[in-house]
2 protein chains.
Amino acid sequence: MGLRERKKEKTRLAILDAAFDLFLEQGYDSTTVDQIAGSVEISSRTFFRYFTSKDHLVLWFHDQGEEIMLETLRTRPADEPSFTALIHGLREVVRDIQLSTPEDTTRFLKLRRLMEENPHLVGLSVARGAATERRLAVEIAARRNVDVMTDQRTHLIVAFAMSILRVGFECPHREVTDVRILVERMEETLELAQNAFRPGWDV
Amino acid sequence: MGLRERKKEKTRLAILDAAFDLFLEQGYDSTTVDQIAGSVEISSRTFFRYFTSKDHLVLWFHDQGEEIMLETLRTRPADEPSFTALIHGLREVVRDIQLSTPEDTTRFLKLRRLMEENPHLVGLSVARGAATERRLAVEIAARRNVDVMTDQRTHLIVAFAMSILRVGFECPHREVTDVRILVERMEETLELAQNAFRPGWDV
DNA sequence: TAATCTATGGCAGTCGCTGACAGATGACAA
DNA sequence: TTGTCATCTGTCAGCGACTGCCATAGATTA
């Protein structure tokens with residue numbers, strides 16, 4: 001990897017870290033892009049070359065998760081029930097968090113705190129989730145040999161699965177100082193959710 | 001109702017109609033607030049006194065639905081399973097659409113077309129949905145005699161129910177020229193969803 | 001009719017975001 | 001090492017969403 005790319009990655013992370021710290025310190029809305037750019041010593045124009053919008057800072061994690069979900073779907077056996085396959089995707093997302101570097105973990109926990117303190121950001125993430133669901137629905141429809149446009153069940157399967165992810169990450173009943181707490185919580189949610197459905201409902 | 005209030009309601013609807021027509025004609029993004037305000041002959045400053053943001057034009061329906069859901073929850077018997085109670089809420093939302101005035105129906109259908117052509121708006125609506133879910137969760141937690149902060153099942157119940165609404169409204173497999181098509185579709189979705197769960201999972 | 005309340009418009013300003021141009025900097029071959 | 005090229009970066013000018021402030025026109029009430 002060349003010097004150029006390494007440098008880019010470094011500023012990308014620097015922006016992310018600076019932004020999160022500023023957000024947590026003085027709030028999301030009252031932090032301007034100029035401030036963030038300033039504290040990393042780049043122009044705000046450059047900021048927008050790294051992140052398409054201020055919001056996008058918060059969505060980087062989401063994008064990562066989407067990729068994992070899609071990737072997992074491709075590797076799961078074709079005859080596995082769709083919902084089960086999606087659940088495996090969710091577990092992969094969780095695993096990815098567990099295995100990430102300490103720096104990434106810190107970033108992730110900051111992001112979580114940020115969302116907790118600023119519910120409007122949850123909305124953002126959920127909005128992005130709608131796009132993710134459309135993409136997942138295409139995959140699941142192919143799997144189930146149905147038409148994405150007409151098959152409601154496909155969309156229900158995807159929507160339910162993604163709901164689990166969201167519920168698992170929100171409402172953590174005690175302070176999350178460690179990803180382990182989050183993972184634990186996520187496992188509980190998955191367990192609960194899986195028991196809620198009739199076997200074979202997702203064929 | 002005084003002249004003042006009647007006039008206000010009239011401009012409110014005028015703004016909504018003008019905006020939707022402009023959006024459908026030339027796209028959401030390329031329509032400015034100034035244009036909308038101009039075509040109703042008010043200043044853009046006044047526009048922002050009727051709608052807190054350009055986005056809010058699209059969310060007015062959502063807000064209405066939320067109110068119906070909350071209202072319904074209050075009237076349902078306390079010993080009814082939570083999920084069932086929410087489903088009744090969904091049915092009330094559908095009923096409200098069926099019973100609305102022709103003007104409102106037209107507005108609603110335009111909104112639907114708008115969302116179809118502009119997926120980004122679906123995201124907006126979903127984002128607002130996150131806030132709605134939090135409010136519904138409070139009610140459901142009270143019903144189930146659990147703590148909103150800690151009980152995951154409550155959040156799952158709400159999230160699943162709201163997913164149904166969303167799926168029912170999106171992906172309509174044929175052009176929606178009549179609310180009846182939509183209602184029909186919604187019934188199918190509800191049916192499908194209700195059969196997906198184990199009886200008693202939501203106690 | 002007078003006093004009062006409130007809806008509105010104009011204006012100035014902030015912030016997010018973009019296109020266009022020019023200068024700086026790393027990549028790579030001779 | 002040097003020169004060429006691709007890419008990254010900053011500056012600047014500008015648009016559109018949105019807000020606070022103040023003055024005024026209109027509706028409401030006494």
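Within every chain, numbering begins at 1; the chains are lettered A, B, ... in the order of the sequence lines, protein sequences first and strands thereafter.
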Student: State whether the side chain of K7(B) and the backbone N or O of G2(B) hold a donor-acceptor pair below 3.5 Å, judged by distance alone.
Tutor: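 No; judged by distance alone, with no hydrogens or angles, the pair does not exist.
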Student: Please report the closest heavy-atom contact between V93(A) and G65(A), naming both atoms and the distance.
Tutor: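 In this case the closest contact between V93(A) and G65(A) is CG2-O, 3.9 Å.
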Student: Determine the interplanar angle of the F61(B) and F169(B) rings, folded into 0 to 90°, and report it as parallel if under 30°, tilted if 30 to 60°, perpendicular if over 60°.
Tutor: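 Ring orientation, 0 to 90° scale: perpendicular.
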Student: Would you indicate whether R113(B), at its atom CZ, is surrounded by more than 12 heavy atoms from other residues, nucleotides or ligands within a distance under 6.0 Å?
Tutor: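 Open: at most 12 neighbouring heavy atoms sit under 6.0 Å from CZ of R113(B).
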Student: Restricting both atoms to N or O, compile the protein contacts to nucleotides 23-30 of chain C shorter than 3.5 Å, with distance only.
Tutor:
{"from": "dT25(C)", "atom 1": "O2", "to": "R4(A)", "atom 2": "NH2", "distance (Å)": "3.2"}
{"from": "dA27(C)", "atom 1": "OP1", "to": "L3(A)", "atom 2": "N", "distance (Å)": "3.0"}
{"from": "dA27(C)", "atom 1": "OP1", "to": "R4(A)", "atom 2": "N", "distance (Å)": "3.2"}

Student: Which atom pair, heavy atoms only, marks the closest approach of A137(B) to T154(B)?
Tutor: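 Nearest heavy atoms, A137(B) then T154(B): O-CG2, 3.6 Å.
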Student: Between C1' on dC15(C) and CZ on F23(A), what's the gap in Å once rounded to a whole number?
Tutor: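 It is 13 Å, rounded to the nearest whole Å.
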Student: Step through it carefully: locate the ring centre of F160(B), locate the ring centre of F83(B), and say whether they are under 6.0 Å apart.
Tutor: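 No: the rings miss the under 6.0 Å criterion.
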Student: Would you call R185(A) and E188(A) a salt bridge, using N to O less than 4.0 angstrom?
Tutor: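 Yes, this pair counts.
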Student: Does T11(A) reach a base, just sugar-phosphate, or nothing at all? Heavy atoms under 4.0 Å.
Tutor: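 Nothing, no heavy atom under 4.0 Å.
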Student: With a 4.0 Å heavy-atom cut-off, tell me which residues in residues 35-57 of chain B come close to DNA chain D, sorted by residue number.
Tutor: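 Going residue by residue through residues 35-57 of chain B, the ones with a heavy atom under 4.0 Å of DNA chain D turn out to be R45(B), F48(B), R49(B), T52(B), S53(B), K54(B).
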Student: Would you kindly give the CG-to-P distance between L22(B) and dG16(D), to the nearest whole Å?
Tutor: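 Checked: the CG to P distance equals 14 Å.
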Student: What class does the angle between the rings of F23(A) and F20(A) fall in, given that below 30° is parallel, 30 to 60° is tilted and above 60° is perpendicular?
Tutor: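 Plane angle between 30° and 60°, so tilted.
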Student: Tabulate protein N/O versus nucleotide N/O from nucleotides 12-14 of chain C, keeping only pairs under 3.5 Å, one per line.
Tutor:
none

Student: Roughly, in whole Å, what's the span from CG in D29(A) to C1' in dC18(D)?
Tutor: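 Rounded to whole Å, this separation is 12 Å.
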Student: Rounding to an integer number of Å, can you tell me how far R6(B) CZ sits from dG26(D) C1'?
Tutor: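 Computing the R6(B):CZ to dG26(D):C1' distance gives 15 Å.
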